[in-house]
Amino acid sequence: MHKPFTDKPIQRIGEDGRKIGRWTLDLTEDQLRTMHRDMVRARVFDEKLVTILRQGKTSFYAQSSGMEGTQVGLAHAVRPGHDWIWPYYRDQGLAIGLGVSVRDLLAQCLGTSEDLCRARQMPHHFGVRNYNFVSISSSIANQVAPATGTAMAQQYLGTDEITVCTFGDGATSEGDWHAGLNMAGVAKAPIMFVCENNQWAISVDFKGQTASTNIAVKAHAYGMPGYYVDGNDVLAVHSVVSEVAERMRAGEGPALVECLTYRIGSHSNADADAEKQYRSREEVELWRSRDPITRFERFLAAEGLSVDAAAIRAAAQREVEDAITATEATGTPGWDVMFEDVYEDVPAHIALQREYVRAEQEA
Ligand SMILES: Cc1ncc(C[n+]2csc(CCOP(=O)(O)OP(=O)(O)O)c2C)c(N)n1
Ligand SMILES: [Mg+2]
């Protein structure tokens, strides 16, 4: 059993890839290989999205490079399509780890005809119904209170589903965040709050965010355990969140898991990272050297499990490129989709607006 409220982040593997402490590996070779592949796929997806953003094919993207250990470790402890996920906008690695296809994610980013959101959401704000992956909202901490509502419904209905709600370190300063955690604590709802602490909220660093020693400690106030985990250690994340999920399924109520990681790339395509205005290159380089994928590869090698990293990367690049070609070939939806799906009987004023747009389009 992992201990809550530790001073140091919980780890399983060190930077050198060696085991820390005494623990037995409870994952199969196949699971380990899939975890590694999903981390690489998430990284490659990020790299490719930055390129297509520069080509003007999409207009918004928030990178998750450096955070794959947290997102994939979490994804592999969730039962896809059974448990519910209220994600935040940097969670493409979580979606990929759950099994959402890269093509579905790309269709949304590019707003093609097969986009599950019908090209009506902001780019990179996915929602994937089959995976109970709720549409991403850009409003910080907006998802926290409704996620608690989902968990309360699961409890009320007597299901064995759980809810996972993710957010960044910056989100923990929002009122919604405290309201959601408070209510979950009172209700003992089956919800796992996962803070992807990448140490920056755009240009505000962790010290500027909170006077607490870490985020996990805040769980005390809401009557739930708080786990402080090394988010660049995929096995530590997986082990802690798996244990927490089991406890929640057994009716033991909510928990807060903080995964300490780092955002290697810019905040989005609209911040001053490239101009070096708020963080030093030395800091970025230090965290780049703590790459979660490299660390995991060292561990796999130490365990005698060699992976052909170059081949896996090349396959991931082909996967993303093929998905772009295939989804672009489906074209883009017509202008009239914006008037569909909301009302069964279209109200007169909306019908009038539709006619205005039609006249304009046909002029
Ligand atoms: C309610 C609200 N306030 C402010 C913003 C502007 N904003 C967008 S991202 C962001 C920082 C969030 O940081 P964090 O929660 O740490 O997530 P990260 O981007 O680091 O993954 C802010 C302040 C917003 N989107 N919503
Ligand atoms: Mg952050």
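Counting starts at 1 for both ligands and their atoms, in listed order.
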task: Indicate if the distance from the Mg ion (ligand 2) to the nearest N, O or S atom of Gly170 falls below 2.8 Å.
output: no
- prompt: Among Thr150, Thr163, Asn132, which residue meets the side chain to side chain donor-acceptor pair (under 3.5 Å) test with Trp86?
  reply: Thr150
message: How far is atom 5 (C) of ligand 1 from the closest protein heavy atom, and which atom is that?
response: Ile140 CG1, 3.7 Å
- request: Return yes if a side-chain donor-acceptor contact under 3.5 Å exists between Gln277 and Ser203, otherwise no.
  value: no
message: Quick check: do Ser135 and Gln121 have side-chain heavy atoms less than 4.5 Å from each other?
response: yes
message: Checking Asp169 against Gln209: is there a side-chain donor and acceptor pair closer than 3.5 Å?
response: no
query: Of the protein's non-hydrogen atoms, which lies at the shortest distance from atom 14 (P) of ligand 1, and what is that distance?
result: Gly170 N, 3.4 Å
- prompt: If you count the atoms of ligand 1 from 1 in the order shown, which ones are under 4.0 Å from a heavy atom of Trp200?
  reply: 16 (O), 20 (O)
statement: Ranked by distance from atom 23 (C) of ligand 1, the top protein heavy atom is Ile202 CD1, 4.1 Å
- line: Note: heavy atom closest to atom 17 (O) of ligand 1, options Tyr262, Tyr89, Phe206, belongs to Tyr89
- prompt: Protein heavy atom under 4.0 angstrom of atom 10 (C) of ligand 1, is there one?
  reply: yes
query: Which one of Glu196, Gln199, Glu174 has a non-hydrogen atom at the shortest distance from atom 3 (N) of ligand 1?
result: Glu174
- prompt: Taking only heavy atoms of Ser138, which atoms of ligand 1 are found under 4.0 Å from at least one of them?
  reply: 24 (C), 25 (N), 26 (N)
task: To the nearest 10 degrees, could you say what angle the Mg ion (ligand 2) makes with OD1 of Asp169 and OD1 of Asn198?
output: 90°
query: Is a donor on one side and an acceptor on the other found under 3.5 Å between the side chain of Ser101 and the backbone of Asp104?
result: yes
- request: Can you sort out which atoms of ligand 1 are near Arg90, meaning under 4.0 Å from one of its heavy atoms?
  value: 18 (P), 19 (O), 21 (O)
- line: protein heavy-atom neighbour closest to atom 21 (O) of ligand 1 works out as Tyr88 OH, 2.6 Å
task: Within a distance under 4.0 Å of any heavy atom of His267, pick out the atoms of ligand 1 and give their elements.
output: 9 (S), 19 (O)
- prompt: Between the side chains of Thr332 and Thr112, is a donor N or O closer than 3.5 angstrom to an acceptor N or O?
  reply: no
- request: Report yes if Asp169 has an N/O atom closer than 3.5 Å to an N/O atom of ligand 1; otherwise report no.
  value: yes
query: Can you tell me if Glu297 and His36 form a side-chain donor-acceptor pair at under 3.5 Å?
result: yes
statement: Closest to atom 15 (O) of ligand 1 by heavy-atom distance, out of Ala171, Ser203, Ser64, is Ala171
message: Quick one about Tyr228 and Asp7 (side-chain donor to acceptor, distance below 3.5 Å, no hydrogens or angles considered), yes or no?
response: no
- line: Here the atoms of ligand 1 under 4.0 Å from any heavy atom belonging to Ser139 are 26 (N)
field: Thr261 side chain to Asn198 side chain, donor-acceptor N/O pair below 3.5 angstrom
entry: no
query: Are the side chain of Ser113 and the backbone N or O of Thr330 linked by a donor-acceptor pair below 3.5 Å?
result: yes
